[in-house]
Amino acid sequence: MYSFKEIEEKWQQEWLKQGLFCAQAGSGKKKYYLLEMFPYPSGKIHMGHVRNYTIGDVAARFKIMQGYNVLHPMGFDAFGQPAENAAIKNKTKPDIWTHKCIELMRAELKKMGFSYDWKREISTCDAGYYKWNQWIFLKMFERGLAYRKAANVNWCPSCQTTLANEEVIEDSCWRCSAKVEQKDLEQWFLKITDYKEKLLEDLKTLKHWPERVLAMQSNWIGKSQGVQIYFRLKDRDTVIPVFTTRVDTIFGATYIVLAPEHPLVKEVSKGTPQEKQVLKFVAKVTKESRVVRSKKDVKKEGIFSGAYCINPANNEVLPIWIADYVLMEYGTGAIMAVPAHDQRDFLFAKEHKLAMRIVIQVPGTEYRVQSQMLEAYEGDGIQVNSGQFNSLPSQEAKIKIAQWMENTKIGKIETHWRLRDWLISRQRYWGTPIPIIYCAKCGTVTVPYEDLPVELPKDAPFTGEGGNPLNKVKEFVNVKCPKCKGSARRETDTMATFFDSSWYFLRFCSPKFDQAPFDKKETGYWMPVDQYIGGIEHAILHLLYSRFFTKFLRDERLLEFSAKNLGGPADLCGGDEPFLKLLTQGMVLKDGEVMSKSRGNIVDPDSIIKKHGADTLRLYILFAAPPEVEMEWSERGIEGAFRFLNRVWRLLESTEYGVQSTGPKKKDSEKLRKKIHKTIKEVTEDIDNFKFNTAIAAIMELVNEIYQDLNADIAEAVKVTVMLLSPFVPHLAEEMWQKLGNKESILKAPWPKHDEKFLQEKVITLVIQVNGKLRSKIEVPVDISEDKLKELILADERLKPWIQDKPIKNFIVVPQKLVNVVV
RNA sequence: GCUGGAGUGGUGGAAUGGCAUACACGCCAGUCUCAAAAACUGGUGGGGUCACACCCGUGAGGGUUCAACUCCCUCCUCCAGCACCA
């Protein structure tokens with residue numbers, strides 16, 4: 001058994017001492033910026049971290065040995081609620097607790113032997129970092145991208161704070177179980193919607209992002225093209241705009257529905273016999289939280305408003321309904337209902353006995369009777385009952401009707417988006433203070449740049465009573481107006497932590513820079529991130545926000561970079577996409593479930609390090625599954641990895657290095673040489689493609705081969721094995737490298753290259769098929785002629801029963817692989 | 001419902017038109033040992049046979065091809081994200 005503990009500690013110190021991972025811009029080498037998503041400092045790393053960071057570390061060490069100038073930084077996403085909860089529970093302060101956690105976590109990361117440039121470490125909770133959050137916020141404010149408006153939020157009356165949708169569990173607060181209310185509050189937003197076109201369009205340039213992440217982002221932005229149609233009230237001039245993507249069904253509209261929150265609800269029902277019931281219904285529905293409303297599916301509730309409007313396409317009079325299945329947040333908050341061609345409208349119409357009319361005929365079938373329909377037909381077909389558009393294919397009619405509506409001004413072609421502006425206000429202490437002051441005289445005033453950072457007060461009270469502790473710190477809240485010097489009040493909302501992580505990759509380029517968030521020269525050199533690695537859970541928000549920030553900073557000319565100048569493909573990067581390549585690693589499961597505290601199925605990485613060492617853990621986690629797939633934890637697998645490393649270690653005893661053996665020079669093995677070069681080729685390609693599991697398998701094969709050939713000269717084979725293994729198990733590799741007589745770190749050794757000439761075979765085994773079935777194998781020289789081959793095959797005893805004297809129809813030769821005889 | 005992905009031995013997985021199951025785990029047998037562990041050697045998809053031969057086999061069914069885990073069509077199951085999105 002090799003003494004992993006000693007070896008690992010030794011080399012971790014050595015790397016640090018030699019500063020092997022300290023990056024500097026501008027060497028003659030090509031740059032490579034490798035980044036893994038930085039962790040929240042919980043105090044302990046978990047297997048998810050180990051997997052994420054091990055994958056990154058392999059790539060980093062591989063690129064270093066290939067001669068790249070590698071930037072591989074690490075930091076901590078340190079703001080967030082857990083620190084406040086800990087402060088309340090343990091009678092401590094969030095910053096003390098957080099810094100303690102960071103220390104513990106940093107120590108654990110170091111024990112894994114990751115190749116980070118620790119001189120660049122950042123924590124978002126340090127004023128030296130969040131000062132620049134405030135700086136960027138002010139820049140956005142100046143451009144009108146940061147603004148305040150009233151928003152409907154989830155509010156916990158007992159904690160006195162807003163809750164994210166994820167924090168609302170079954171209509172109650174996740175922390176105190178109080179019933180969550182809907183409340184309108186003044187909140188800060190970022191106008192990400194200004195960038196919706198760019199954010200959607202540029203997804204096309206991200207050719208090295210996983211398909212599913214692109215799909216998720218695209219869905220989230222949610223572009224849909226359609227027509228806004230104006231429905232006039234029957235006896236008044238009031239107009240209800242309605243949005244539809246199915247304008248081809250306009251002649252099938254039989255009623256109109258308004259969302260309960262729609263501003264016209266009161267006006268429309270005013271003076272009708274239904275007025276009272278309508279108001280009662282609206283009051284009831286709007287009281288329910290959004291969470292509850294969207295959860296109860298199927299059952300659609302609604303009520304007739306008492307009013308009517310005119311369908312502008314055919315001047316039909318349609319009743320106006322109010323129903324909870326129409327959402328105020330999407331489109332215009334009003335729809336035209338086409339029960340024959342929309343399933344939701346269909347169900348509602350059946351329930352309330354409303355009219356229905358087919359306007360799209362299913363191709364190849366007879367015109368159907370409405371009463372026979374069991375569900376709405378939502379597909380394409382031929383227009384019927386549609387006036388001048390009859391008998392057109394519905395796809396074509398969609399375009400024609402839209403144009404006709406534009407021309408006659410009864411509608412307007414429009415595009416709707418799902419993406420909303422980003423709510424960044426949090427009524428919490430442990431976050432970046434929003435640098436705004438409210439003055440009775442001057443209104444909303446920004447904190448001057450020279451007054452940044454607005455620092456968090458150290459002595460805020462953490463009582464557990466709820467509410468934002470910042471509100472209780474008088475010295476923080478009561479300030480002088482920067483403009484008129486009169487007394488004013490400071491904003492106490494802090495920023496959502498997603499703000500912090502939306503530009504940290506830029507800060508890493510110049511972590512100590514004090515003139516701006518980042519040094520433009522440094523970002524110009526290092527950006528974009530060549531390879532980004534992290535969990536799929538950040539596929540939407542974090543990545544979208546980071547893309548938004550990068551585009552904004554580029555537009556402000558604060559950030560300028562280009563992949564083209566650095567030899568990257570031109571189409572990959574227009575200087576406003578932060579991450580060139582993205583890898584989303586799979587989760588680590590145990591017994592088929594995600595490892596989590598509540599399930600009690602956590603395996604602590606530290607316990608594995610103690611028992612088998614970091615190298616074993618690294619090797620196992622890489623070998624068990626391809627990086628992007630979820631992997632099942634297995635104790636047996638760990639033991640297998642450990643066994644393999646010991647087997648590799650024992651190779652030292654068999655070489656002339658290490659143990660000073662001075663026997664006669666051993667013979668060269670051609671077979672082994674071939675295997676060496678084949679393995680170099682495979683491993684290099686596999687690491688390039690992040691196929692670490694097969695790369696390791698290939699090295700295992702090489703090791704097996706060495707043991708088969710112990711009587712030959714294995715020195716070269718062992719040397720190559722150690723080099724190929726070094727990105728995966730760096731400590732063991734360094735120690736063996738040194739024992740093999742090398743003076744410098746293996747990281748300074750150039751990555752081995754295979755030589756094509758050793759891969760060429762003189763004699764190969766050809767697979768012989770008859771009618772596509774394997775029947776024989778023969779050994780032939782590589783350069784055998786087809787005629788000669790045919791001769792050999794016809795002479796093969798094993799093939800005779802299959803060929804007999806049947807005529808040969810076809811004779812297919814796949815060079816150096818197989819022959820298929822078709823009879 | 002929409003979008004994306006997956007389905008291969010007892011298990012994790014490999015092969016993306018050309019020998020299905022590389023590599024590893026597990027299991028079985030053996031060597032060493034008083035014994036055990038470690039290490040090493042051999043075997044290990046199913047059927048069939050004394051043994052070979054041979055047949056079957058990558059979720060199901062069809063198709064393209066000399067040849068399909070791989071490409072096309074239809075369907076099933078599972079996972080993930082989004083969703084009264086008009």
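Just so you know, these numbers use all the heavy atoms, side chains as well, and skip hydrogens, waters and symmetry mates. Every value quoted in this text rests on a predicted model; they were computed, and no experiment measured them.
- Ring centers of A/F642 and A/F644: at least 6.0 Å apart, outside the cut-off.
- One atom, NZ of A/K590, and another, P of B/G12, lie 16 Å apart when rounded to the nearest Å.
- Among the protein residues, A/W802 comes within range of the sugar-phosphate backbone only, with heavy atoms under 4.0 Å from sugar or phosphate atoms but none that close to a base.
- Side-chain atoms of A/P626 lie closest to B/G13 of the nucleotides B/G13, B/G18, B/A86.
- A/S546 and A/Y532 share no side-chain donor-acceptor pair at under 3.5 Å.
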Pairs of donor and acceptor atoms involving the side chains of residues 765-772 of chain A, under 3.5 Å and at least two apart or interchain, shall be tabulated with distances.
{"unit_1": "A/T765", "atom_1": "OG1", "unit_2": "A/E779", "atom_2": "OE2", "d": "3.2"}
{"unit_1": "A/N771", "atom_1": "OD1", "unit_2": "A/V823", "atom_2": "N", "d": "3.0"}

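- The same atom, C1', is picked in B/C28 and in B/G10; the two are 13 Å apart, to the nearest Å.
- By the salt bridge (Lys or Arg N to Asp or Glu O under 4.0 Å) test, A/K800 pairs with A/E797, sequence neighbours left out.
- Looking at RNA chain B, the stems built from 3 or more consecutive Watson-Crick or G-U wobble pairs, each pair with its key distances under 3.5 Å, are B:1-7 with B:76-82, B:10-12 with B:23-25, B:26-31 with B:39-44, B:45-47 with B:54-56, B:59-63 with B:71-75.
- When each of B/G18, B/A86, B/C23 is scored by its nearest atom to the side-chain atoms of A/F623, the top-ranked nucleotide is B/C23.
- Closest to the A/M700 side chain, of the nucleotides B/A24, B/C19, B/C82, is B/A24.
- Taking atom C1' in both B/G47 and B/G9, the straight-line distance is 15 Å, to the nearest Å.
- Residue A/N693 is in sugar-phosphate contact alone, with no base atom involved, counting any heavy-atom pair closer than 4.0 Å across all strands shown.
- A donor-acceptor contact under 3.5 Å is not formed by the side chain of A/K809 with the base of B/C66.
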Should A/E316 and A/R357 be marked as a salt bridge (Lys or Arg N to Asp or Glu O under 4.0 Å) after you check the CA-CA gap, both sets of side-chain angles, and the distance that decides it? CA-CA 13 Å; A/E316 248 176 30; A/R357 181 192 304 133; 2.6 Å; yes
Distances under 3.5 Å between protein N/O atoms and the N/O atoms of nucleotides 2-4 of chain B, please, pair by pair.
none

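- Aromatic rings from A/F498 and A/W422 are positioned such that their centres are separated by 6.0 Å or more.
- Taking the six-membered ring wherever Trp is involved, the centroid distance between the rings of A/W633 and A/Y620 falls below 6.0 Å.
- Partners of A/K675 by salt bridge (Lys or Arg N to Asp or Glu O under 4.0 Å), not counting sequence neighbours, listed by chain and number: A/E701.
- In this structure A/K204 satisfies the salt bridge (Lys or Arg N to Asp or Glu O under 4.0 Å) test together with A/E201, sequence neighbours excluded.
- Heavy atoms of A/R775 sit under 4.0 angstrom from primed sugar atoms or phosphate atoms, though from no base atom.
- A/R636 comes within 4.0 angstrom of the backbone, heavy atoms only, and of no base.
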